[in-house]
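Data first, discussion second: the structure below is written as structure tokens.
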Amino acid sequence: MLRQASRLISRSVTAASSKSVTARAFSTELPSTIDSTFVESWKKVAPNMDPPRTPSSFMKPRPSTASSIPTKLTVNFVLPYASELSGKEVDMVIIPATTGQMGVLPGHVPTIAELKPGIMSVHEGTDIKKYFVSSGFAFLHANSVADIIAVEAVPLENIDASQVQKGLVEFTQKLASASTDLEKAEAQIGVEVHSAMNAALSG
Amino acid sequence: MASSAAVPFWRAAGMTYITYSNICANLVRKCLREPFKAESMNREKVHFSLSKWADGKPEKPVLRSDAPEV
């Protein structure tokens with residue numbers, strides 16, 4: 001433990017002197033996390049030791065929001081088992097938010113959107129790639145980075161239309177015959193998901 | 001300050017978001033075409049054993065081995 005002491009002390013001394021210049025250079029939004037009354041009373045009690053650093057001083061400063069809107073949107077599209085798109089620069093993404101299809105362009109207002117079962121399309125020049133997303137969230141950040149997370153997302157070609165029709169019929173029947181609240185909810189989820197898949201395949 | 005948005009129907013029926021999301025994902029997986037369906041079912045297999053403890057001793061474990069869920 002004490003072998004590291006000299007390294008730690010010298011590191012914190014240099015960090016403290018350069019802290020104001022480098023570590024805070026981009027944190028226009030972060031308030032000063034140094035509690036001056038604490039530092040004062042620390043110095044009285046232990047003048048030879050540097051005050052302890054708090055977790056927030058170890059955090060990387062937030063990425064700066066560019067003053068001019070960037071030309072491309074950076075998309076990170078992840079699934080629990082795979083990273084579909086990682087840092088891909090695109091022109092536009094249309095996500096199936098619960099409030100409707102939402103088009104995301106670079107410079108979009110920071111938003112957190114819950115996704116409903118539907119099509120997500122990624123537009124890159126003339127290339128459009130579509131995925132059917134089962135549900136998830138989309139986090140749109142101020143620096144034109146979009147993090148989209150979904151539990152299950154498949155390209156439309158992988159969906160079997162006959163299964164979708166069968167499922168739709170089955171769940172519509174279940175909805176009509178459901179008794180408890182939970183059964184009704186499950187049947188309605190089934191109807192929603194299958195109708196969304198149907199619409200995705202035909203539209 | 002009353003609650004503003006109406007709760008979604010599944011929340012009103014006592015379901016949590018995770019349950020809802022997993023049900024949606026399972027329904028989508030069931031509607032996939034053949035090679036992809038088998039892959040996804042394979043991927044989602046779980047195998048676990050759960051035992052409750054009473055008086056510092058484990059009771060009989062519940063073993064769950066997959067079987068596609070829901």
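In what follows, chains carry the letters A, B, and so on, assigned in the order in which the sequence lines appear, proteins first and then strands, with residues in each chain numbered from 1.
For chain B, the nearby part of Val154(A) is the side chain; its heavy atoms alone come within less than 4.5 Å. For chain B, the nearby part of Glu114(A) is the side chain; its heavy atoms alone come within less than 4.5 Å.
Remark: Lys72(A) NZ is packed, more than 12 non-hydrogen atoms of other residues, nucleotides or ligands lying under 6.0 Å away. At most 12 non-hydrogen atoms from other residues, nucleotides or ligands lie less than 6.0 angstrom from CD1 of Ile112(A). In this structure, Lys37(B) places its NZ atom where more than 12 heavy-atom neighbours from other residues, nucleotides or ligands lie under 6.0 Å away. More than 12 heavy-atom neighbours from other residues, nucleotides or ligands sit within 6.0 angstrom of CG on Leu182(A). Applying the 6.0 Å contact sphere to CD1 of Ile18(B) captures no more than 12 heavy atoms from other residues, nucleotides or ligands.
The side-chain heavy atoms of Glu192(A) and Trp10(B), taken from C-beta on, include no pair separated by under 4.5 Å. The side-chain heavy atoms of Phe132(A) and Val28(B), taken from C-beta on, include a pair separated by under 4.5 Å. Between Tyr17(B) and Ser135(A) there is a side-chain heavy-atom pair separated by less than 4.5 Å.
The distance from the CG atom of Asp160(A) to the CG atom of Leu32(B) is 8.5 Å, given to the nearest 0.5 Å. Rounding to the nearest 0.5 angstrom, the gap separating the CD atom in Gln163(A) from the CD atom in Glu34(B) is 8.5 Å. The distance from the OG1 atom of Thr19(B) to the CD1 atom of Ile189(A) is 8.5 Å, given to the nearest 0.5 Å. To the nearest 0.5 Å, the span separating CD on Glu152(A) from CG on Leu27(B) amounts to 11.0 Å. If you take CG on Asn158(A) and SG on Cys31(B), they are separated by 12.5 Å, rounding to the nearest 0.5 Å.
Of all the heavy atoms in Val151(A) and Ser21(B), the pair that sits closest is CG2-OG, 3.1 Å. The two residues Ser134(A) and Cys24(B) make their nearest non-hydrogen contact at O-CB, 3.8 Å.
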